[in-house]
Amino acid sequence: MFDLVLRGGTVLDGTGRAGFSADIAVKDGRIAAIGNLSRAKSHESVDVDGLVIAPGFIDTHSHDDRYVLSDPDVPAKISQGITTVVTGNCGISLAPALAGKRALAPLDILGDSQDFRFERFVHYIEALDATPAAVNVYPLVGLTTLRVREVATLDAPAQSTEITNMRRLCEEALSAGALGVSIGTFYPPASAATADEIVAVLEPLRQFGGMLATHLRDETDYVIDSIDEALEIAKKLSARLIISHHKVAGVSNHGRSPETLAHIARAAIKQPVAMDVYPYAASSTTLRYERVVISTATYVTSSGALPQYDGWNLIDIACALECSIKEAVDRLQPARATYRLMSESDVDAIVSSSQSMIATDGLPHDRCPHPRLWGAFPRVLAAYVREKAALTLPAAIHKMTGLSARQFGLKDRGEIAIEKWADLCVFDSATVADRATVEHPTQAATGIEHVLVNGVFALKKGKQTGRHGGRRVLPSECAFRSPPRAKR
Ligand code: ZN
Ligand code: CU
């Protein structure tokens, strides 16, 4: 007797191969049977005739560290079919706490200083386990968080005792259940960290295994040098490298994606490296004048000082304040923004590349967030599969599921196969589409019918159920983590 049978759908199993008609049975949270199950008995049966059944989508780059706790329905993610989120990206993790330091930018994308309330990484892990969200969580620990906590002079390389302290915290986090580390040398204060400092602090990765995700030091003129620096750091640590939200930014770099993609493809022959991407030509991060000047448009997504301008174009804000753009940037702080600084053809090339995985990079606590937070995955299905025909549907699904699971070592997720966890997204391939826009950034996608996480409906007939079937991904479920050492 099964718990559930989904009847009559077209299965895209996440491997990239073509769809096939099959029923899918779920028992005890896992996929129990695939095929013609018309005679099978089950407690519940749902007709999904005419719909696609895919593995739940894996958001390989999120900033949901606090969101999964503060809003465990995680509507921005569940509504677009996401069932697993990788947290702690760009060097920014909610734990460990900052030991009395302020949550400076960019840490403030996760909340205020008091939101960094987990004294040790293990306390964050315990909170995830005690109050599961609707999605699964794959936690990383962020080097910038460790640096803000431990380093006295943040605009200089760390001292040797500070490096020792950070290394100990890194080891603690990995041993508590972080599945890897992220770095974000683009942003001050992490930009003062040298490659040697990073390698010294992340030394425990060598012993524990795990991912190294990086927001490159530079995604503009020096993007190739920055990729090389990240490859070198990963090589020294024997870590698998993820290049986060790959892009070539700034008008003078438009058209360079063939160069960066070829460079990464060549590197991938020698060492494990992968990349994620969000399908938009605008980026989003802290409000910085250097970014404003290389962008063709800047919209403020969240301002601490002048929240009445959230969602406004920066030019209009400067007009309203009767000041220069530069002064407006200063007066809005602390603030974040979206920047139009990529070319559509570069974004198309990176999204369509067989190397890239799809991610949102969404900022869930912004009042007027970049639309990628609510729309990235359906946008790939609508714009890249249906409208531009740049990807086949099985290839697009693979980039959201099977490929991501393989790159992040998720042994039991990302594909529809017997015994895998029943993370499933059932959608209408003819109508699925993002609806989040710059003007209306928090509109849920259309065409996503049902979402199951570990066999539990998080979304049913397009409605959030309020059930929280998510789990934390354990080190033992990650292929790249070393087995725990025997306790002495
Ligand atoms: Zn980033
Ligand atoms: Cu990010």
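Every value quoted in this text rests on a predicted model; they were computed, and no experiment measured them. Just so you know, residue 1 is the first one in the sequence shown, and it goes up from there. In listed order, ligands and their atoms are each counted from 1.
- Listed for the S302 side chain is no donor-acceptor partner under 3.5 Å among the backbone atoms of D366.
- When distances to the Cu ion (ligand 2) are checked against a cut-off of 2.8 Å, H61 contributes an N, O or S atom below that limit.
- The N, O or S atom of D361 with the smallest distance to the Cu ion (ligand 2) is OD1.
- Applying the salt bridge (Lys or Arg N to Asp or Glu O under 4.0 Å) test between E477 and each of R471, R472, K411 identifies R471 as the sole match.
- Checking side-chain atoms of S404 against main-chain N and O of K399 turns up a donor-acceptor pair under 3.5 Å.
- The cationic atom of R372 (NZ for Lys, CZ for Arg) does not lie both less than 6.0 Å from the six-membered ring centre of Y280 and within 45° of the ring axis.
- When atom types are taken as modelled, the side chain of N136 and the backbone of T83 share a donor-acceptor pair closer than 3.5 angstrom.
- In terms of distance to the Cu ion (ligand 2), the nearest N, O or S atom of H63 is named NE2.
- At least one donor-acceptor pair under 3.5 Å links the side chain of D65 to the backbone N or O of L94.
- Among the backbone and side-chain atoms of H245, no N/O/S atom is found under 2.8 Å from the Cu ion (ligand 2).
- S257 meets the side-chain hydrogen bond (donor to acceptor under 3.5 Å, both in side chains) test with D346; sequence neighbours excluded.
- Less than 2.8 Å away from the Zn ion (ligand 1), the protein contributes these N/O/S atoms: C90 SG, H215 ND1, H245 NE2.
- Geometrically, R217 does not engage Y222 in a cation-pi contact defined by less than 6.0 Å to the ring centre and at most 45° from the axis.
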